[in-house]
Amino acid sequence: MCGIVGYIGKDIKETLIDGLKELEYRGYDSSGIAILSKNDLFIKKTVGKIENLELASKDYVNTEKSIGIGHTRWATHGKPTDINAHPHLGEFSFVIHNGIIENFQELKKEMSDDLFLSQTDTEVIVHLFENNFNKLNDELEAFKATIKMLRGSYAILLISKTSKENIYFAKLNSPLAIGKNDNGNYSLASSDLAMQEDINSIIHLDDGDYGVVCEDSISLFNNEEKKNIAFKTLNSNKLFSQKEGYKFFMEKEIYEQSTVICDTLASRVSDKISFDELNMDISKFSSIIICACGTSYNAALSSKYLFEQIAKISTNIEIASELRYREPVLDKNALFISISQSGETADTLECLKMVKKMGLKTLAVCNVDNSAIVRLSDEYILTRAGFEKGVASTKSFTTQLTILWMLSIFIAQEKNIISDELLEKEIKAILELYSVLEVPKILHEKIHKLSKRYLHGHGFFFIARDIFYPLALEGALKLKEISYFHAEGYPAGEMKHGPIALADPELFTIALLPRSRLYEKMKSNIQELIARDSTVCIIGSSDKDLADDFIEIKEYSHQMHEYFSMTIVLQLLSMEIALRLGHDVDMPRNLAKSVTVE
Ligand code: F6R
């Protein structure tokens with residue numbers, strides 16, 4: 001979380017703010033910029049979204065070439081206030097940081113309390129730098145000495161009045177990239193997306209990299225050694241995402257699913273499934289371990305059913321934040337798959353590092369090319385969902401699960417264990433996803449109308465069975481993150497082992513009733529709740545009058561078609577409820593899109 005940008009050049013305020021707008025998805029509790037010119041210093045910090053910062057700095061005009069840094073924050077230490085917003089300042093320097101300085105309390109003890117204005121972990125960096133500078137009288141040496149003292153994760157940018165032409169940078173376990181344009185000018189940012197239009201080559205820094213950028217040169221070090229710098233071409237087709245007539249990115253991204261899925265399938269589906277990007281014998285693995293967080297974890301959980309049904313391979317799903325601190329006994333012959341939209345999620349990344357050390361073969365299923373998880377994995381498959389800007393994941397979920405479904409077929413093919421009939425049936429179903437994922441206008445209208453009945457109550461249960469159970473988890477996650485209602489996904493068969501005690505008219509149950517899997521059993525579970533007066537809304541293609549409410553999907557015979565049409569319903573339902581409550585569904589409170597801290 002947190003987004004950082006640094007720039008040297010003219011139009012500096014506008015450039016920094018434009019970059020921050022592209023990074024707002026990483027956190028938007030507060031933001032700030034610091035600009036140093038020959039004769040001028042400007043610093044502004046505001047609470048809330050970048051538009052507040054833009055407004056607060058509207059009178060600042062600077063036509064000179066200057067250096068500047070900017071930050072958009074997702075609070076870890078200290079509340080979102082002006083004081084806690086970055087840049088943090090010392091006597092003569094300014095710092096911004098994404099990550100967590102784990103030993104900041106220890107380091108603070110060595111310094112006078114009077115120095116500190118904020119409650120953040122970051123502020124310690126600027127005071128350490130200034131102490132070191134006062135001792136060493138050399139900016140780079142002082143910066144080096146400073147980062148040596150830090151433990152944790154960081155992407156840091158620091159500027160100082162002592163030179164007014166250098167931006168110092170350092171990276172450890174948080175993303176940082178340096179871009180260059182044709183004139184040899186540099187720009188720094190947490191992500192390619194925040195680079196200016198004319199940046200056409202890029203390096204993604206490695207852990208332990210640090211150095212200094214000035215107007216037309218850059219020095220890069222790792223472990224005291226000077227590093228060669230190999231810039232790569234930056235794809236000029238930057239995915240600047242606009243709302244294209246939709247009011248919210250979330251809505252646009254829900255509607256986009258039927259078209260982005262075609263990109264996901266392109267060149268991978270014919271009369272069989274192929275992944276030309278893979279250079280490994282996929283049939284040789286004895287089992288699969290999948291690791292992820294949040295929505296990506298829910299996609300992984302659903303894929304377990306597919307890997308077991310279709311590829312007949314034992315599959316274990318791990319929550320990254322748990323796996324990394326266990327002492328797991330992992331099958332050395334397993335394929336370890338990391339799933340991540342951003343490719344930056346700290347916990348998922350750490351698990352990947354851990355299993356690489358153990359010698360497991362690793363594969364990433366990811367939406368962002370060149371992200372940390374992609375770069376570190378032995379092999380990767382891109383989901384090609386396009387830039388997802390809404391904080392609540394929608395199209396990344398459907399594309400991830402589609403890739404995993406295709407992978408299960410691919411493994412079955414390579415192991416020679418899938419019949420021609422089944423292969424044909426699965427491929428036909430995959431090729432029909434385009435129409436399954438289309439959002440019928442009438443469905444959206446129905447959900448909009450119905451959503452007003454679900455604005456109170458003491459909570460939601462999303463219940464389902466079999467592969468639909470992880471979808472219930474995803475439905476509950478979507479609702480809670482944007483509506484702030486308590487919602488829980490539960491296996492329908494488990495309700496009678498405890499949670500049914502909660503049933504009353506103020507308990508809302510959203511029940512997934514597919515025809516393709518365990519229909520009769522699921523129906524009985526729904527009836528048990530109706531009998532105990534829970535308010536029940538069924539999502540399905542039959543049993544219209546069984547419960548209080550019914551959201552109808554088309555009749556499909558394939559489980560994944562039912563699955564994906566229910567996915568659309570759940571995404572729209574959570575969005576409509578949240579909108580009725582007046583929430584910003586693209587930027588729900590307390591959340592950030594890329595969770596780069598643990
Ligand atoms: C929920 C959501 C999060 C992410 C999770 C993992 O809508 O977006 O739960 O799914 O933070 O992020 P990635 O997939 O980027 O690793």
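Read the numbers this way: they start at 1 and go in the same order the structure lists the ligands and their atoms.
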Problem set entry | Gln341: numbered ligand 1 atoms lying under 4.0 Å from its heavy atoms | 13 (P), 14 (O), 15 (O), 16 (O)
Exercise. Are the charged groups of Lys478 and Glu474 less than 4.0 angstrom apart, N to O?
Worked result: yes
For this session: Report, in ascending order of atom number, the atoms of ligand 1 lying under 4.0 Å from any heavy atom of Ser340.
Result: 13 (P), 14 (O), 15 (O), 16 (O)
Exercise. Which residue holds the protein heavy atom closest to atom 5 (C) of ligand 1, what is that atom called, and what is the gap in Å?
Worked result: Cys293 O, 3.7 Å
Exercise. Are any of the side-chain nitrogens in Asp209 or Lys171 under 4.0 Å away from the carboxylate oxygens of its partner?
Worked result: no
Problem set entry | Salt-bridge criterion met for Lys395 and Glu388 (N-O under 4.0 Å) | no
Problem set entry | N-O pairing of Arg517 and Asp466 below 4.0 Å | yes
Exercise. Does Arg589 pair with Asp584 as a salt bridge, N-O distance under 4.0 Å?
Worked result: no
For this session: Considering the heavy atoms of Val391, write down every atom of ligand 1 situated less than 4.0 Å from one of them.
Result: 7 (O), 8 (O)
Exercise. Closest non-hydrogen protein atom to atom 15 (O) of ligand 1, residue and atom name please, with distance?
Worked result: Ser342 OG, 2.7 Å
For this session: Number the atoms of ligand 1 from 1 as they appear, then name those within less than 4.0 Å of a heavy atom of Lys478, with their elements.
Result: 1 (C), 7 (O)
Exercise. Nearest protein heavy-atom contact for atom 8 (O) of ligand 1: which residue, which atom, what distance?
Worked result: Ser393 OG, 2.9 Å
Seminar exercise, completed: Short version for Thr348: what comes under 4.0 Å of ligand 1, heavy atoms counted, is neither
For this session: Would you mind listing which atoms of ligand 1 come within a distance below 4.0 Å of any non-hydrogen atom of Ser296?
Result: 10 (O), 13 (P), 14 (O)
Exercise. In a check of side chain to side chain contact (heavy atoms under 4.5 Å, CB included) between Leu360 and each of Met358, Lys357, Lys356, which one passes?
Worked result: Met358
Exercise. So, do Glu22 and Ser191 sit near enough that their side-chain heavy atoms are less than 4.5 Å apart?
Worked result: no
Problem set entry | Interfacing atoms of ligand 1 (cut-off 4.0 Å, heavy-atom, Ala392) | 7 (O)
Exercise. Looking at Gly294, which atoms of ligand 1 are within less than 4.0 Å of one of its heavy atoms?
Worked result: 9 (O), 10 (O)
Exercise. Where is the nearest protein heavy atom to atom 11 (O) of ligand 1: which residue, which atom, and how far?
Worked result: Val595 CG2, 3.8 Å
Problem set entry | Heavy atoms of other groups near Lys554 NZ, more than 12 under 6.0 Å | no
For this session: May I ask you to say whether Glu576 pairs ionically with Arg580, meaning some side-chain N is under 4.0 Å from a carboxylate O?
Result: no
For this session: May I ask you to decide whether Lys252 forms a salt bridge with Glu256, counting only side-chain N to carboxylate O separations under 4.0 Å?
Result: yes
For this session: Considering the heavy atoms of Glu481, write down every atom of ligand 1 situated less than 4.0 Å from one of them.
Result: 1 (C), 7 (O)
For this session: Provide, to 0.1 Å, the distance between atom 16 (O) of ligand 1 and the closest protein heavy atom, together with that atom's residue and name.
Result: Thr345 OG1, 2.4 Å
Exercise. To which protein heavy atom is atom 10 (O) of ligand 1 closest, and what is the distance rounded to 0.1 Å?
Worked result: Thr295 N, 3.0 Å
